[in-house]
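As C-alpha coordinates, the structure follows; a few thoughts come after it.
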Amino acid sequence: MQKKLKLWDAIMLVMGSMIGSGIFIVSADMMRNLGSGFWLIVVWVITGVMTVAAAISYGELSALFPKAGGQYTYLKEIFGKRMGFLYGWGLFTVIQTGTIAAVAMAFGKFTAYLIPSLNDAAPIFQSGEFKITWIQILAIAVIVLLTYINTRGVESGKILQNIFTGSKIIALLGLIAAGFILVDISHLAENFSWGTDSFNNLKKDLSGNFLKEGWESIGGMTLLGGIAAAMVGSVFSSVAWESVTFVSGEIENPKKNVVKSMIYGTSAVMILYIAVNYVYLNALDRDGIAFAANDRVAVAASQNIFGSAGTVIIALLVMISTFGCNNGLILAGARVFQTMAKDGMFFKSAVRNNKNEVPENALWMQGIWASILCLSGQYGNLLDMISFVIVLFYMITVFGVIYLRMKQPDLERPYKTWLYPVTPVIYLIIGTCFCILLLIYKQQYTWPGFVLVLLGLPVYYFINRKKENA
(Lines give C-alpha, C1' and ligand atoms only; values in the text may rest on other atoms or scores of the structure.)
Protein backbone atom coordinates (compact mmCIF):
# COMPACT_ATOMS: atom_id res chain seq x y z
CA MET A 1 0.00 0.00 0.00
CA GLN A 2 1.13 3.55 -0.75
CA LYS A 3 2.11 5.66 2.30
CA LYS A 4 -0.01 8.75 1.59
CA LEU A 5 -1.10 9.64 5.13
CA LYS A 6 1.18 11.76 7.33
CA LEU A 7 1.01 12.21 11.12
CA TRP A 8 -1.30 15.24 10.82
CA ASP A 9 -3.66 13.29 8.53
CA ALA A 10 -3.73 10.42 11.04
CA ILE A 11 -4.56 12.80 13.93
CA MET A 12 -7.36 14.35 11.85
CA LEU A 13 -8.68 10.85 11.16
CA VAL A 14 -8.72 10.00 14.88
CA MET A 15 -10.44 13.24 15.89
CA GLY A 16 -12.78 13.30 12.90
CA SER A 17 -13.93 9.71 13.48
CA MET A 18 -14.59 10.37 17.18
CA ILE A 19 -16.49 13.67 16.91
CA GLY A 20 -19.83 12.84 15.31
CA SER A 21 -23.30 13.56 16.64
CA GLY A 22 -23.01 12.04 20.14
CA ILE A 23 -21.50 15.01 21.96
CA PHE A 24 -24.45 17.17 20.84
CA ILE A 25 -27.09 14.74 22.15
CA VAL A 26 -26.03 12.21 24.80
CA SER A 27 -25.58 14.62 27.72
CA ALA A 28 -29.39 14.93 28.04
CA ASP A 29 -29.85 11.22 28.78
CA MET A 30 -26.72 11.26 30.94
CA MET A 31 -28.18 14.04 33.09
CA ARG A 32 -31.43 12.08 33.45
CA ASN A 33 -29.36 9.17 34.77
CA LEU A 34 -27.19 11.35 37.01
CA GLY A 35 -29.08 14.45 38.07
CA SER A 36 -26.02 16.54 38.90
CA GLY A 37 -23.41 18.60 37.10
CA PHE A 38 -20.79 17.04 39.37
CA TRP A 39 -21.56 13.48 38.27
CA LEU A 40 -21.95 14.52 34.62
CA ILE A 41 -18.37 15.83 34.55
CA VAL A 42 -17.10 12.85 36.60
CA VAL A 43 -18.51 10.41 34.03
CA TRP A 44 -16.91 12.32 31.14
CA VAL A 45 -13.57 12.36 33.00
CA ILE A 46 -13.81 8.59 33.64
CA THR A 47 -14.57 8.04 29.95
CA GLY A 48 -11.63 10.27 29.01
CA VAL A 49 -9.24 8.32 31.24
CA MET A 50 -10.54 5.05 29.76
CA THR A 51 -10.20 6.25 26.18
CA VAL A 52 -6.68 7.67 26.49
CA ALA A 53 -5.50 4.62 28.50
CA ALA A 54 -6.77 2.34 25.73
CA ALA A 55 -5.09 4.47 23.04
CA ILE A 56 -1.76 4.37 24.91
CA SER A 57 -2.05 0.58 25.24
CA TYR A 58 -3.01 0.11 21.59
CA GLY A 59 0.13 2.02 20.65
CA GLU A 60 2.31 -0.95 21.59
CA LEU A 61 0.30 -3.26 19.33
CA SER A 62 0.23 -0.75 16.46
CA ALA A 63 4.03 -0.62 16.54
CA LEU A 64 4.29 -4.43 16.64
CA PHE A 65 1.80 -4.95 13.78
CA PRO A 66 2.10 -1.82 11.61
CA LYS A 67 -0.18 -3.01 8.80
CA ALA A 68 -3.74 -2.58 7.60
CA GLY A 69 -6.53 -4.15 9.62
CA GLY A 70 -5.72 -2.62 13.00
CA GLN A 71 -7.69 -4.15 15.85
CA TYR A 72 -8.72 -7.13 13.69
CA THR A 73 -5.05 -7.85 12.98
CA TYR A 74 -4.05 -7.47 16.64
CA LEU A 75 -6.73 -9.89 17.86
CA LYS A 76 -5.96 -12.38 15.09
CA GLU A 77 -2.20 -12.32 15.74
CA ILE A 78 -2.53 -12.58 19.54
CA PHE A 79 -5.57 -14.81 20.08
CA GLY A 80 -6.05 -16.54 16.72
CA LYS A 81 -8.24 -16.25 13.64
CA ARG A 82 -11.52 -17.02 15.42
CA MET A 83 -11.24 -14.02 17.75
CA GLY A 84 -10.17 -11.81 14.85
CA PHE A 85 -13.14 -12.98 12.78
CA LEU A 86 -15.65 -12.36 15.59
CA TYR A 87 -14.42 -8.78 15.85
CA GLY A 88 -14.54 -8.33 12.07
CA TRP A 89 -18.02 -9.89 11.95
CA GLY A 90 -19.28 -7.47 14.61
CA LEU A 91 -17.56 -4.57 12.85
CA PHE A 92 -19.27 -5.29 9.51
CA THR A 93 -22.70 -6.28 10.79
CA VAL A 94 -23.20 -3.32 13.11
CA ILE A 95 -20.23 -1.63 14.85
CA GLN A 96 -18.80 0.23 11.84
CA THR A 97 -21.78 0.11 9.47
CA GLY A 98 -24.32 0.83 12.23
CA THR A 99 -22.29 3.84 13.34
CA ILE A 100 -22.06 5.05 9.73
CA ALA A 101 -25.86 4.72 9.42
CA ALA A 102 -26.53 6.49 12.74
CA VAL A 103 -24.17 9.38 11.94
CA ALA A 104 -25.67 9.75 8.45
CA MET A 105 -29.18 9.86 9.97
CA ALA A 106 -28.02 12.52 12.42
CA PHE A 107 -26.84 14.54 9.40
CA GLY A 108 -30.29 14.14 7.85
CA LYS A 109 -32.18 15.08 11.02
CA PHE A 110 -30.18 18.25 11.61
CA THR A 111 -30.49 19.16 7.93
CA ALA A 112 -34.24 19.04 8.54
CA TYR A 113 -33.78 21.96 10.96
CA LEU A 114 -32.67 24.08 8.04
CA ILE A 115 -35.12 22.54 5.57
CA PRO A 116 -38.35 21.91 7.54
CA SER A 117 -40.06 20.39 4.50
CA LEU A 118 -37.90 17.30 5.06
CA ASN A 119 -39.63 16.77 8.41
CA ASP A 120 -43.07 17.62 7.10
CA ALA A 121 -42.95 15.49 3.94
CA ALA A 122 -45.08 12.35 3.87
CA PRO A 123 -43.16 9.04 3.97
CA ILE A 124 -42.13 7.70 0.57
CA PHE A 125 -43.31 4.27 1.70
CA GLN A 126 -45.06 3.04 4.82
CA SER A 127 -46.28 -0.35 5.96
CA GLY A 128 -47.32 -0.48 9.61
CA GLU A 129 -44.51 0.93 11.73
CA PHE A 130 -41.94 0.51 8.95
CA LYS A 131 -41.47 3.57 6.78
CA ILE A 132 -38.98 5.17 4.42
CA THR A 133 -38.62 8.94 4.74
CA TRP A 134 -36.75 11.62 2.82
CA ILE A 135 -34.38 11.97 5.79
CA GLN A 136 -33.39 8.30 5.34
CA ILE A 137 -32.87 8.90 1.61
CA LEU A 138 -30.66 11.91 2.39
CA ALA A 139 -28.64 9.79 4.85
CA ILE A 140 -28.13 7.12 2.18
CA ALA A 141 -27.15 9.80 -0.37
CA VAL A 142 -24.43 11.03 2.05
CA ILE A 143 -23.11 7.47 2.50
CA VAL A 144 -23.07 6.89 -1.28
CA LEU A 145 -21.36 10.25 -1.96
CA LEU A 146 -18.64 9.70 0.65
CA THR A 147 -18.10 6.11 -0.48
CA TYR A 148 -17.68 7.32 -4.07
CA ILE A 149 -15.23 10.06 -3.02
CA ASN A 150 -13.15 7.48 -1.17
CA THR A 151 -13.05 5.20 -4.22
CA ARG A 152 -11.22 8.05 -6.01
CA GLY A 153 -8.14 7.45 -3.85
CA VAL A 154 -6.75 8.01 -0.36
CA GLU A 155 -5.78 11.56 -1.33
CA SER A 156 -9.43 12.52 -1.94
CA GLY A 157 -10.60 11.08 1.38
CA LYS A 158 -7.65 12.64 3.21
CA ILE A 159 -8.30 16.16 1.90
CA LEU A 160 -12.01 15.93 2.76
CA GLN A 161 -11.21 14.58 6.23
CA ASN A 162 -8.74 17.36 7.03
CA ILE A 163 -11.10 20.12 5.84
CA PHE A 164 -14.15 18.90 7.77
CA THR A 165 -12.30 17.86 10.93
CA GLY A 166 -10.46 21.20 11.03
CA SER A 167 -13.76 23.04 10.53
CA LYS A 168 -15.59 21.27 13.35
CA ILE A 169 -12.68 21.69 15.79
CA ILE A 170 -12.66 25.44 15.12
CA ALA A 171 -16.46 25.56 15.43
CA LEU A 172 -16.40 23.63 18.73
CA LEU A 173 -13.73 25.98 20.12
CA GLY A 174 -15.94 28.91 19.08
CA LEU A 175 -18.96 27.34 20.81
CA ILE A 176 -16.92 26.79 23.98
CA ALA A 177 -15.70 30.40 24.04
CA ALA A 178 -19.18 31.80 23.32
CA GLY A 179 -20.68 29.52 25.96
CA PHE A 180 -18.86 31.43 28.68
CA ILE A 181 -18.73 34.92 27.14
CA LEU A 182 -22.25 35.38 25.75
CA VAL A 183 -24.40 33.63 28.40
CA ASP A 184 -26.37 36.19 30.42
CA ILE A 185 -27.21 33.94 33.39
CA SER A 186 -24.75 31.25 34.40
CA HIS A 187 -26.19 27.99 35.79
CA LEU A 188 -22.78 26.48 36.57
CA ALA A 189 -22.89 27.00 40.36
CA GLU A 190 -26.52 25.82 40.48
CA ASN A 191 -25.75 22.63 38.54
CA PHE A 192 -22.83 21.80 40.82
CA SER A 193 -24.75 22.75 43.98
CA TRP A 194 -26.56 19.39 43.91
CA GLY A 195 -23.21 17.95 44.95
CA THR A 196 -22.12 14.36 45.32
CA ASP A 197 -25.37 13.27 46.99
CA SER A 198 -27.62 14.38 44.17
CA PHE A 199 -27.82 11.24 42.06
CA ASN A 200 -31.44 10.99 41.02
CA ASN A 201 -33.77 8.29 39.78
CA LEU A 202 -36.11 9.94 37.30
CA LYS A 203 -39.67 8.66 37.24
CA LYS A 204 -41.78 8.05 34.11
CA ASP A 205 -45.48 8.34 33.37
CA LEU A 206 -47.58 5.47 31.98
CA SER A 207 -46.50 6.36 28.42
CA GLY A 208 -42.81 6.12 29.31
CA ASN A 209 -42.20 9.90 29.24
CA PHE A 210 -39.87 11.38 31.86
CA LEU A 211 -41.48 13.47 34.60
CA LYS A 212 -39.74 16.74 35.47
CA GLU A 213 -41.04 16.53 39.03
CA GLY A 214 -39.84 12.94 39.39
CA TRP A 215 -36.32 13.62 40.69
CA GLU A 216 -35.64 11.29 43.61
CA SER A 217 -32.37 11.12 45.54
CA ILE A 218 -30.85 7.66 45.85
CA GLY A 219 -27.34 6.26 46.29
CA GLY A 220 -25.22 3.18 46.90
CA MET A 221 -25.04 0.53 44.20
CA THR A 222 -27.91 2.18 42.33
CA LEU A 223 -25.66 5.20 41.91
CA LEU A 224 -23.05 2.99 40.27
CA GLY A 225 -25.73 1.51 38.01
CA GLY A 226 -26.75 5.00 36.93
CA ILE A 227 -23.13 5.93 36.23
CA ALA A 228 -22.75 2.82 34.05
CA ALA A 229 -25.99 3.67 32.20
CA ALA A 230 -24.79 7.24 31.66
CA MET A 231 -21.46 5.94 30.38
CA VAL A 232 -23.23 4.18 27.50
CA GLY A 233 -23.70 7.65 26.00
CA SER A 234 -20.21 8.99 26.75
CA VAL A 235 -18.55 5.77 25.56
CA PHE A 236 -20.57 5.82 22.32
CA SER A 237 -19.40 9.42 21.73
CA SER A 238 -15.76 8.45 22.36
CA VAL A 239 -15.28 5.35 20.19
CA ALA A 240 -13.94 4.97 16.64
CA TRP A 241 -10.53 6.45 17.48
CA GLU A 242 -9.06 3.03 16.63
CA SER A 243 -10.13 3.59 12.99
CA VAL A 244 -6.66 4.99 12.37
CA THR A 245 -5.20 1.52 13.04
CA PHE A 246 -7.30 0.16 10.16
CA VAL A 247 -5.27 2.24 7.68
CA SER A 248 -1.83 1.65 9.25
CA GLY A 249 -0.59 0.29 5.94
CA GLU A 250 -1.12 3.71 4.33
CA ILE A 251 0.48 5.87 7.06
CA GLU A 252 4.06 7.13 6.87
CA ASN A 253 6.29 5.54 9.53
CA PRO A 254 3.34 3.66 11.12
CA LYS A 255 5.44 2.30 14.01
CA LYS A 256 5.61 5.84 15.44
CA ASN A 257 2.86 7.86 13.80
CA VAL A 258 -0.10 5.56 14.57
CA VAL A 259 0.50 5.63 18.32
CA LYS A 260 1.18 9.39 18.30
CA SER A 261 -2.03 10.05 16.39
CA MET A 262 -4.10 7.94 18.81
CA ILE A 263 -2.70 9.56 21.95
CA TYR A 264 -2.76 13.15 20.64
CA GLY A 265 -6.16 12.74 18.97
CA THR A 266 -8.01 11.05 21.86
CA SER A 267 -6.55 13.46 24.45
CA ALA A 268 -7.59 16.51 22.43
CA VAL A 269 -11.12 15.21 21.80
CA MET A 270 -11.77 14.29 25.44
CA ILE A 271 -10.62 17.78 26.56
CA LEU A 272 -13.02 19.29 23.99
CA TYR A 273 -15.86 17.03 25.21
CA ILE A 274 -15.40 18.00 28.86
CA ALA A 275 -15.25 21.71 27.89
CA VAL A 276 -18.46 21.40 25.81
CA ASN A 277 -20.25 19.84 28.80
CA TYR A 278 -19.14 22.75 30.95
CA VAL A 279 -20.82 24.97 28.33
CA TYR A 280 -24.07 23.00 28.71
CA LEU A 281 -23.87 23.32 32.49
CA ASN A 282 -23.19 27.05 32.18
CA ALA A 283 -25.93 27.80 29.64
CA LEU A 284 -28.73 25.53 30.95
CA ASP A 285 -30.15 24.47 34.29
CA ARG A 286 -30.52 20.80 35.21
CA ASP A 287 -34.01 20.43 33.69
CA GLY A 288 -32.91 22.30 30.56
CA ILE A 289 -30.22 19.68 29.95
CA ALA A 290 -32.23 16.60 31.00
CA PHE A 291 -35.41 17.56 29.12
CA ALA A 292 -33.94 19.21 26.01
CA ALA A 293 -36.32 18.65 23.08
CA ASN A 294 -35.48 15.35 21.35
CA ASP A 295 -32.36 15.21 23.58
CA ARG A 296 -30.76 17.93 21.43
CA VAL A 297 -29.04 19.59 24.37
CA ALA A 298 -26.60 21.42 22.09
CA VAL A 299 -29.51 23.15 20.33
CA ALA A 300 -31.02 24.24 23.66
CA ALA A 301 -27.66 25.58 24.87
CA SER A 302 -26.97 27.31 21.56
CA GLN A 303 -30.33 29.10 21.69
CA ASN A 304 -29.40 30.49 25.13
CA ILE A 305 -25.99 31.57 23.81
CA PHE A 306 -26.83 32.93 20.35
CA GLY A 307 -30.58 33.57 20.59
CA SER A 308 -32.85 32.60 17.71
CA ALA A 309 -29.84 32.03 15.43
CA GLY A 310 -28.66 29.26 17.76
CA THR A 311 -30.66 26.52 16.05
CA VAL A 312 -29.15 27.33 12.66
CA ILE A 313 -25.62 27.59 14.08
CA ILE A 314 -25.76 24.24 15.86
CA ALA A 315 -27.49 22.53 12.92
CA LEU A 316 -24.65 23.64 10.62
CA LEU A 317 -22.05 22.52 13.19
CA VAL A 318 -23.63 19.06 13.51
CA MET A 319 -23.89 18.73 9.72
CA ILE A 320 -20.19 19.54 9.36
CA SER A 321 -19.32 17.23 12.25
CA THR A 322 -21.32 14.23 11.04
CA PHE A 323 -20.22 14.61 7.41
CA GLY A 324 -16.54 14.61 8.41
CA CYS A 325 -17.05 11.82 10.94
CA ASN A 326 -18.65 9.54 8.35
CA ASN A 327 -15.87 10.21 5.87
CA GLY A 328 -13.34 8.93 8.42
CA LEU A 329 -15.43 5.87 9.29
CA ILE A 330 -15.96 4.98 5.63
CA LEU A 331 -12.32 5.54 4.69
CA ALA A 332 -11.02 3.34 7.52
CA GLY A 333 -13.59 0.55 7.83
CA ALA A 334 -13.18 -0.86 4.33
CA ARG A 335 -9.48 -1.60 5.00
CA VAL A 336 -10.46 -4.10 7.71
CA PHE A 337 -12.81 -5.97 5.40
CA GLN A 338 -10.13 -6.05 2.70
CA THR A 339 -7.63 -7.51 5.20
CA MET A 340 -10.21 -10.09 6.29
CA ALA A 341 -10.79 -11.05 2.65
CA LYS A 342 -7.05 -11.61 2.20
CA ASP A 343 -7.25 -14.04 5.15
CA GLY A 344 -10.17 -15.87 3.52
CA MET A 345 -12.61 -14.47 6.11
CA PHE A 346 -14.67 -12.15 3.86
CA PHE A 347 -15.92 -11.94 0.28
CA LYS A 348 -13.02 -12.61 -2.12
CA SER A 349 -13.87 -9.62 -4.30
CA ALA A 350 -13.07 -7.31 -1.36
CA VAL A 351 -9.35 -8.13 -1.77
CA ARG A 352 -8.80 -6.13 -4.95
CA ASN A 353 -7.71 -2.51 -5.13
CA ASN A 354 -8.95 -0.37 -8.00
CA LYS A 355 -6.76 1.79 -10.26
CA ASN A 356 -6.65 4.43 -7.50
CA GLU A 357 -5.06 1.89 -5.12
CA VAL A 358 -8.05 1.72 -2.76
CA PRO A 359 -10.34 -1.26 -1.92
CA GLU A 360 -13.32 -0.12 -4.00
CA ASN A 361 -15.35 -3.33 -3.63
CA ALA A 362 -14.92 -3.36 0.14
CA LEU A 363 -15.96 0.30 0.26
CA TRP A 364 -19.18 -0.39 -1.66
CA MET A 365 -20.02 -3.50 0.39
CA GLN A 366 -19.69 -1.43 3.55
CA GLY A 367 -21.72 1.41 2.04
CA ILE A 368 -24.54 -0.84 0.82
CA TRP A 369 -24.98 -2.57 4.19
CA ALA A 370 -24.88 0.78 6.05
CA SER A 371 -27.56 2.07 3.65
CA ILE A 372 -29.75 -1.00 4.35
CA LEU A 373 -29.39 -0.29 8.07
CA CYS A 374 -30.56 3.29 7.38
CA LEU A 375 -33.67 1.94 5.67
CA SER A 376 -34.31 -0.60 8.44
CA GLY A 377 -34.59 2.12 11.07
CA GLN A 378 -33.03 -0.29 13.57
CA TYR A 379 -29.47 1.13 13.66
CA GLY A 380 -30.21 3.09 16.87
CA ASN A 381 -31.37 -0.03 18.71
CA LEU A 382 -28.37 -1.96 17.38
CA LEU A 383 -25.94 0.69 18.59
CA ASP A 384 -27.50 0.64 22.07
CA MET A 385 -26.87 -3.10 22.11
CA ILE A 386 -23.22 -2.97 21.10
CA SER A 387 -21.70 -0.38 23.48
CA PHE A 388 -21.09 -3.31 25.84
CA VAL A 389 -19.52 -5.37 23.04
CA ILE A 390 -17.29 -2.50 21.87
CA VAL A 391 -15.85 -2.10 25.37
CA LEU A 392 -15.49 -5.89 25.65
CA PHE A 393 -13.37 -5.99 22.46
CA TYR A 394 -11.36 -3.00 23.68
CA MET A 395 -10.67 -4.90 26.92
CA ILE A 396 -9.62 -8.07 25.09
CA THR A 397 -7.25 -6.03 22.90
CA VAL A 398 -5.78 -4.13 25.87
CA PHE A 399 -5.34 -7.44 27.71
CA GLY A 400 -3.47 -8.60 24.58
CA VAL A 401 -0.69 -6.15 25.49
CA ILE A 402 -0.23 -7.85 28.88
CA TYR A 403 -0.62 -11.34 27.38
CA LEU A 404 2.08 -10.70 24.76
CA ARG A 405 4.45 -9.27 27.39
CA MET A 406 4.11 -12.53 29.34
CA LYS A 407 4.13 -14.87 26.33
CA GLN A 408 6.86 -13.16 24.30
CA PRO A 409 8.84 -10.90 26.67
CA ASP A 410 11.85 -10.72 24.33
CA LEU A 411 9.83 -9.49 21.33
CA GLU A 412 11.30 -6.26 19.93
CA ARG A 413 8.85 -3.46 20.75
CA PRO A 414 9.43 -0.19 18.86
CA TYR A 415 7.02 1.50 21.31
CA LYS A 416 6.25 0.36 24.85
CA THR A 417 3.06 1.26 26.68
CA TRP A 418 3.64 4.28 28.91
CA LEU A 419 3.47 3.41 32.65
CA TYR A 420 3.03 -0.30 31.89
CA PRO A 421 1.34 -2.22 33.50
CA VAL A 422 -0.57 0.60 35.25
CA THR A 423 -2.10 2.03 32.05
CA PRO A 424 -3.67 -1.17 30.65
CA VAL A 425 -4.74 -2.26 34.16
CA ILE A 426 -6.57 1.08 34.66
CA TYR A 427 -8.52 0.47 31.46
CA LEU A 428 -9.29 -3.14 32.37
CA ILE A 429 -10.55 -2.19 35.85
CA ILE A 430 -12.83 0.62 34.60
CA GLY A 431 -14.02 -1.47 31.64
CA THR A 432 -14.78 -4.48 33.87
CA CYS A 433 -16.77 -2.32 36.32
CA PHE A 434 -18.70 -0.78 33.41
CA CYS A 435 -19.59 -4.18 31.92
CA ILE A 436 -20.53 -5.79 35.26
CA LEU A 437 -22.77 -2.88 36.27
CA LEU A 438 -24.52 -2.99 32.89
CA LEU A 439 -25.06 -6.73 33.29
CA ILE A 440 -26.65 -6.10 36.70
CA TYR A 441 -28.70 -2.98 36.00
CA LYS A 442 -29.10 -2.51 32.23
CA GLN A 443 -29.25 -5.94 30.58
CA GLN A 444 -30.87 -4.45 27.46
CA TYR A 445 -27.47 -2.89 26.67
CA THR A 446 -25.58 -6.18 27.04
CA TRP A 447 -26.85 -9.59 25.94
CA PRO A 448 -28.44 -8.59 22.57
CA GLY A 449 -25.13 -7.25 21.24
CA PHE A 450 -23.24 -10.18 22.71
CA VAL A 451 -25.61 -12.65 20.99
CA LEU A 452 -25.19 -10.73 17.72
CA VAL A 453 -21.42 -11.21 17.88
CA LEU A 454 -21.74 -14.89 18.88
CA LEU A 455 -23.84 -15.46 15.75
CA GLY A 456 -20.53 -15.04 13.94
CA LEU A 457 -19.30 -18.37 15.34
CA PRO A 458 -21.37 -20.63 13.05
CA VAL A 459 -20.39 -18.38 10.12
CA TYR A 460 -16.71 -18.78 11.07
CA TYR A 461 -16.98 -22.59 11.27
CA PHE A 462 -18.90 -22.69 7.98
CA ILE A 463 -16.18 -20.66 6.22
CA ASN A 464 -13.42 -22.85 7.64
CA ARG A 465 -15.22 -26.06 6.77
CA LYS A 466 -15.53 -24.89 3.18
CA LYS A 467 -11.82 -24.09 3.12
CA GLU A 468 -10.94 -27.52 4.55
CA ASN A 469 -13.14 -29.27 1.99
CA ALA A 470 -11.54 -27.26 -0.80
Side-chain angles (χ1 to χ4, degrees), residues 1-6 9-10 12-13 16-17 66-73 76 84-85 87-101 103-104 107 137-165 240 242-252 254 258 322-375 379 463:
M1 292 184 174
Q2 297 182 15
K3 309 287 186 182
K4 292 187 175 181
L5 301 175
K6 302 182 187 301
D9 305 319
M12 289 294 99
L13 180 57
S17 298
K67 51 189 177 182
Q71 193 168 351
Y72 161 76
T73 300
K76 183 193 72 174
F85 175 81
Y87 173 73
W89 163 265
L91 198 74
F92 182 78
T93 53
V94 68
I95 295 173
Q96 196 79 358
T97 51
T99 305
I100 290 169
V103 172
F107 177 91
I137 298 301
L138 176 59
I140 291 170
V142 168
I143 293 170
V144 170
L145 173 62
L146 289 172
T147 300
Y148 172 75
I149 290 171
N150 277 280
T151 64
R152 306 308 296 167
V154 175
E155 201 71 30
S156 301
K158 177 184 82 173
I159 292 169
L160 198 67
Q161 188 67 26
N162 290 352
I163 291 171
F164 276 85
T165 301
E242 77 279 7
S243 291
V244 73
T245 69
F246 302 163
V247 293
S248 294
E250 293 159 271
I251 296 174
E252 284 184 359
V258 173
T322 50
F323 196 82
C325 176
N326 249 354
N327 181 69
L329 294 170
I330 289 167
L331 185 156
R335 272 64 179 179
V336 179
F337 310 131
Q338 182 186 42
T339 305
M340 290 177 67
K342 289 176 180 176
D343 294 336
M345 296 292 173
F346 200 69
F347 300 106
K348 286 183 180 179
S349 58
V351 172
R352 293 192 299 272
N353 277 344
N354 64 9
K355 63 181 180 181
N356 299 313
E357 295 299 319
V358 293
E360 182 171 354
N361 290 340
L363 280 162
W364 284 117
M365 289 174 190
Q366 172 184 257
I368 290 167
W369 182 244
S371 298
I372 291 170
L373 289 179
C374 282
L375 289 177
Y379 54 87
I463 290 171

Working for side-chain contact (heavy atoms from CB on, under 4.5 Å), residues Y87 and T73: CA-CA 10 Å; Y87 173 73; T73 300; over 6 Å; no
Any donor-acceptor pair under 3.5 Å from S248 side chain to P66 backbone: no
side-chain contact (heavy atoms from CB on, under 4.5 Å) for E250 and R335? Distances and angles first, verdict last. CA-CA 10 Å; E250 293 159 271; R335 272 64 179 179; 3.0 Å; yes
Counting distance only, does the side-chain N/O of N326 pair as donor-acceptor with the main-chain N or O of V103 below 3.5 Å? no
Are the side chains of M12 and D9 in contact, using a 4.5 Å heavy-atom criterion? no
Do any pairs count as a salt bridge (Lys or Arg N to Asp or Glu O under 4.0 Å) and have a residue in residues 138-157, sequence neighbours left out, and if so which ones? E155-K158
Parallel under 30°, tilted from 30 to 60°, perpendicular over 60°: which one fits the rings of F323 and F107? tilted
Using a 3.5 Å distance criterion without hydrogens, assess whether the side chain of Q366 forms a donor-acceptor pair with backbone atoms of A334. yes
Criterion ring-ring contact (aromatic ring centres under 6.0 Å, His included) on F346 and F92, from CA distance to verdict: CA-CA 10 Å; F346 200 69; F92 182 78; 5.1 Å; yes
How close do I251 and A10 get, counting heavy atoms only, and between which atoms? CD1-CB, 4.2 Å
May I ask you to decide if E357's main-chain N or O and N354's side chain share a donor-acceptor pair within less than 3.5 Å? yes
Flag the pair R352 / P359 as yes when at least one side-chain heavy-atom distance between them is below 4.5 Å, and no otherwise. no
Between Q338 (side chain) and V336 (backbone), is there a donor-acceptor pair under 3.5 Å? no
Hey, does N361 have a side-chain heavy atom less than 4.5 Å from the side chain of F347? no
Within this structure, what is the NZ-NZ distance for the pair K342 and K348, rounded to the nearest 0.5 Å? 15.5 Å
Please report the shortest heavy-atom distance between I149 and S156, naming the atom on each side. O-CB, 3.5 Å
Salt bridge (Lys or Arg N to Asp or Glu O under 4.0 Å) between E360 and K355: does it pass, once the steps are laid out? CA-CA 9 Å; E360 182 171 354; K355 63 181 180 181; over 6 Å; no
Using modelled atom types only, decide if a donor and an acceptor are shared between the side chain of W369 and the backbone of T93 within a distance under 3.5 Å. yes
Under the side-chain hydrogen bond (donor to acceptor under 3.5 Å, both in side chains) rule, collect the residues that match up with N327, sequence neighbours excluded. N150, Q161
Is there a donor-acceptor pair under 3.5 Å between the side chain of N162 and the backbone N or O of I159? no
Closest non-hydrogen atom pair, G367 against T147: CA-OG1, 4.1 Å
Atom pair CZ/CG of F85 and L91 - distance to nearest 0.5 Å: 12.0 Å
Where G84 and Y72 come nearest, the two heavy atoms and their spacing: O-CD1, 3.0 Å
If you compare all heavy atoms of I140 against all heavy atoms of C374, which two are closest, and at what distance to 0.1 Å? CG1-CB, 3.9 Å
What pair of heavy atoms forms the shortest contact from G328 to L13, and how long is it? CA-CD1, 3.6 Å
With heavy-atom distances below 4.5 Å as the criterion, would you say the side chains of I372 and T97 are in contact? no
Using side-chain heavy atoms (C-beta onward) and a distance below 4.5 Å, is W89 in contact with M340? no
Between the side chain of Q96 and the main-chain N/O of L329, is any donor-acceptor distance below 3.5 Å? yes
Quick check: do Y148 and W364 have side-chain heavy atoms less than 4.5 Å from each other? yes
What's the spacing between L146 CG and I330 CD1 if we round to 0.5 Å? 4.5 Å
